[in-house]
Amino acid sequence: NSGVENVTAKMEEWLQTVLNKVHEFRKGLLPENSGLKKEDCPPICVLRGDRSDTEFGFVLRSTTNNAGTGLVDLKEGITHLRGDGRVALEDAVPPSDIPVLRIVTNDREHSQVLNDVENVTMLLDLMLSKKM
């Protein structure tokens, strides 16, 4: 429950602006095929959390008076994937063509994933051993 009783047009416009910016940011994180060879990639490891169902998808409700537009339902019809409560497991890894030395999954929620000192140390040691 967001605690918002009435969603105004200005609020919806603001949300759409934020979503557009987040989308552009996310696209910027996805590497384009630049011809980078696997051996030229720095050592990468992933530490991710599998603690709870994580909100992943929302329903877009159509409106009766505005054909072609819709409202995002933030209360019902939300789909979930396993993750740390903020990031789904599948989104916590780089694209498949980026080599990863090791993926470690712990049982912590998002703000606690990096407090897994044992695994952080192990992954840092692994990356440092692969660095030239």
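This chain uses plain numbering: 1 for the first residue, then up along the sequence.
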(message) Are Leu126 and Cys45 packed together at the side-chain level, in the sense that at least one heavy-atom pair is separated by less than 4.5 angstrom?
(response) yes
(message) Rounded to the nearest 0.5 Å, what separates atom NE2 in His110 from atom CD in Gln112?
(response) 10.5 Å
(request) Kindly compute the distance separating CG (Leu123) from CD (Glu118), expressed to the nearest 0.5 Å. (result) 10.5 Å
(message) Tell me whether Arg48 contacts the main-chain N or O of Leu89 through its side chain, where contact means a donor paired with an acceptor under 3.5 Å.
(response) yes
(message) Checking side-chain polar atoms at under 3.5 Å, does Asn20 have a donor or acceptor matched by the opposite partner on Gln16?
(response) yes
(request) Count the heavy atoms belonging to other residues, nucleotides or ligands that lie under 6.0 Å from CZ of Arg82, then report whether that count exceeds 12. (result) yes
(request) State yes or no: do Val87 and Leu114 share one hydrophobic cluster built from I, L, V, M, F, W and Y residues joined by side-chain heavy-atom distances below 4.5 Å, directly or via other members? (result) no
(message) Taking Val104 as the starting point, is it possible to reach Val117 by hopping between hydrophobic residues whose side chains are less than 4.5 Å apart?
(response) no
(message) Just so I know, are the side chains of Val59 and Glu76 near enough to count as touching, which here means a heavy-atom distance under 4.5 Å?
(response) no
(message) Just so I know, are the side chains of Thr54 and His80 near enough to count as touching, which here means a heavy-atom distance under 4.5 Å?
(response) no
(message) Which heavy atom of Leu101 sits nearest to which heavy atom of Lys130, and what is that distance?
(response) CD1-CG, 3.6 Å
(message) Taking the side chain as everything from C-beta on, heavy atoms only, tell me whether Val113 gets closer than 4.5 Å to Asn106.
(response) yes
(message) When you compare the side chain of Asp84 with that of Asp50, does any pair of heavy atoms fall below 4.5 Å?
(response) no
(message) Check for me, please, whether Phe25 and Val22 land in the same ILVMFWY cluster - side-chain distances under 4.5 Å, paths through other members count.
(response) no
(request) Keeping the roles fixed (side chain from Arg108, backbone from Asn115), state whether a donor-acceptor pair exists under 3.5 Å. (result) yes
(message) Do Asp91 and Phe56 make a side-chain contact, defined as non-hydrogen atoms from C-beta onward lying under 4.5 Å apart?
(response) yes
(message) Any carboxylate oxygen within less than 4.0 angstrom of a Lys/Arg side-chain nitrogen, looking at Arg51 and Asp107?
(response) no
(message) Quick check: do Val46 and Pro94 have side-chain heavy atoms less than 4.5 Å from each other?
(response) yes
(message) To the closest 0.5 Å, what do you measure between CG (Leu47) and CG (Asp116)?
(response) 5.5 Å
(request) Indicate if Phe58 and Leu15 have the same hydrophobic cluster label, given that clusters are the connected sets of ILVMFWY residues with side-chain heavy-atom separations under 4.5 angstrom. (result) no
